[in-house]
Amino acid sequence: MQRLGSLHHHFFLGSRKPLLNPCPFYSFISICTFSYSPDSTEVIYDNLLKSCDGLAFLKQIHLVLTTTSLIDKSPHLGAQIIIKYAQFGDPNSARALFDHINIHGDKPSSFLWNTMIRAYANGGHCFETLQLYSVMHRAGISPNNYTFPFIFKVCASNSLILLGKVAHGDALKTGFDSDLYVEAALVDMYAKGDQFCDGRKIFDEMSMKDLVCWTAMITAYEQAEKPEEALILFQKMQQEGLLADSVTIVSVASAIGRLGHAKRAQSVHCYAIRHLFLEEICVANSVIAMHAKCGDMDKARLVFDMMDERNSISWNSMLSGYTQNGKASEALLLFDEMRDSGCELNPVTALIMVAASAYLGSSHLGRKFHDFILDSKMKVDMNLWNALMDMYAKCGDLETAVEIFSGIHPSERDVCSWNVLISGYGMHGYGKEALKLFSRMQEEGVEPNHITFTSILSACSHAGLVDEGRKCFRDMTKSVTPEMKHYACMVDMLGRAGLLQEAFDLIKEMPAPPNDSVWGALLLACKIHGNMELGKIAANNLFQLEPNHTGYYVLMSNIYAAQTADHENPYWQEVYRKVESLTIEMKLAGYIPDLSCALHDVEEEDKEHILNYHSEKLAVAFGILMIDSGMAIRVTKNLRVCNDCHLAFKYISCIYGRRIIVRDANRFHHFQGGSCSCKDYW
DNA sequence: GTAGGGTTAG
């Protein structure tokens, strides 16, 4: 062996260059052939093949073995060459050799058949894999525990579960179904093919499960958007004493990302650090995506910045994280960095950047990325076309969105293309057109999904098409179970149309407890239509569900405020007129409204308007109108009096020569002759 | 005797 080793070494150093010309190489190998017994020759070639790192080199070796007929004598070397061809992405050459052996050599062993099947399967050649599997049967060669995993793998990744089931039957007949690898592949196939129960059943009945089986099942749950189940299984796996490896962690991180659990995200991150998994690009990428989905872009960025090597998935995860967290401008900055880094910009990158443009509502930017896509000659798949349409619709350019849609061949359009356009029409207020598209879509045989129904209900809502919306909802319940968001759309639609009781009845009929978006839609409708009674019910539910969401408190407070202004006071018109004349009189006397007291972020003009109708000003105006001039005007208020009202009351006390006594949340203010007892310190 | 399964962005 020592001798062979050095010979091998010598060959490698000495004849690399002449390889371009087969002659010297060939004569050298010939010498070897004569110098050693056939067994030793086989070992030499075996070593040669092991060190072979390119297709050209491999073809040379193949040629020599063919001309010396060694290929027909050594099935082992034949198999090694087939394996190498597959590794270098040349399954056709592998197949040619396989066929050659089939004709010239002994009948290929099941080992060789498996090798060829594997070459096809790993190269993603689904049809060839399955065809060879069937030829194998006809040739009378039995598949074994090495055959089945590859068959199941291609069935899984090409959604050919029926064919997979047939092969499963073969495995049962031959008794290989209880092999660990076969079982793991079956679990994977059934789970990926939406046949969870079958996959889970096999998994549960396995006599022995290793880490790969657990990971396959965990991954299946995660990819089927069942992250809770994935994590429950992960916990069980740990209870069984198995330790997660980097592949497991990738799936667990994805599951946690889906759930948005920031705390668990941190613990997975730590685990990955402790086990040095973050050095693997795949793990780092999934940890980045996890933090991004949990809303923590700083942590995502930290991982990203620490990476020694990044691929396009790393960059894209960051870009999409920034976009999804409302930091589109950060995404734009990072995109420039990505371009400078020389990393490949792929269709996913383009998709994210188009979505970022849509988020910013900038058709200028969106168009720039559209041009970039066309210039880069990258393949524009349906997802990217859909994103472009969505971007144009969201940037106010519905015409271009429609233009793109019309340019796509009808057979190419998927359900998402229709959804994008329907929602585009909806958000532009064209409810009738959205409905027409919805019918056209069904006529063309495209099955609507839950997003289609959300889009169409929302379109009806914005256009006030209540009857049509009701009908869509009824039709929808025939084929799919309505989700929260559909109820929210319905409540919004009915509520906007003033059908508050019907909206409330619908909420009461819901099979599951309504969430915040359903109650939020009702509350908004109550605000629009001034319904205090239902508003209180909606608000109370919202305050329990989302106690920290300030927007709902503001909405409810506005309902109360509107009710106050809602003219219960028979003199309201006089009061409002008085406030207006008071303002003019005060301004003549030098009053400048203190706009900083109007806390809403609105135009200056609106701020002044809001200030004028502060409840204490209305009360004082009412007092001036109603109370004898000799008497003090007394106002009681439950909040601290604002600066602007305080200033105004000083002016009024002077202009009208009246005492105004205001009790606010903390103290009394006595206004008289242009000043206040608090001496402006309160 | 040779060979094998589970992974990340949208």
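We name chains A, B, ... by the order of the sequence lines, and we start the count at 1 in each one.
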Partners meeting salt bridge (charged side-chain N to carboxylate O under 4.0 Å, His left out) with A:D179 (sequence neighbours left out)
none

In this structure, is the centre-to-centre distance between the rings of A:Y85 and A:H62 below 6.0 Å?
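Yes, close enough.
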
A:D336/A:R339 ion pair, N-O < 4.0 Å:
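So A:D336 pairs with A:R339 through a salt bridge.
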
Once each nucleotide of nucleotides 3-10 of chain B is scored for protein heavy atoms under 4.0 Å, what B/S/- sequence comes out, 5' to 3'?
BBBBBBBB

Residues which pass ring pair (Phe, Tyr, Trp, His ring centres under 6.0 Å) with A:F453, listed by chain and number, not counting sequence neighbours
A:F438

Once the angle between the rings of A:H269 and A:H291 is folded into 0 to 90°, is it parallel (under 30°), tilted (30 to 60°) or perpendicular (over 60°)?
tilted

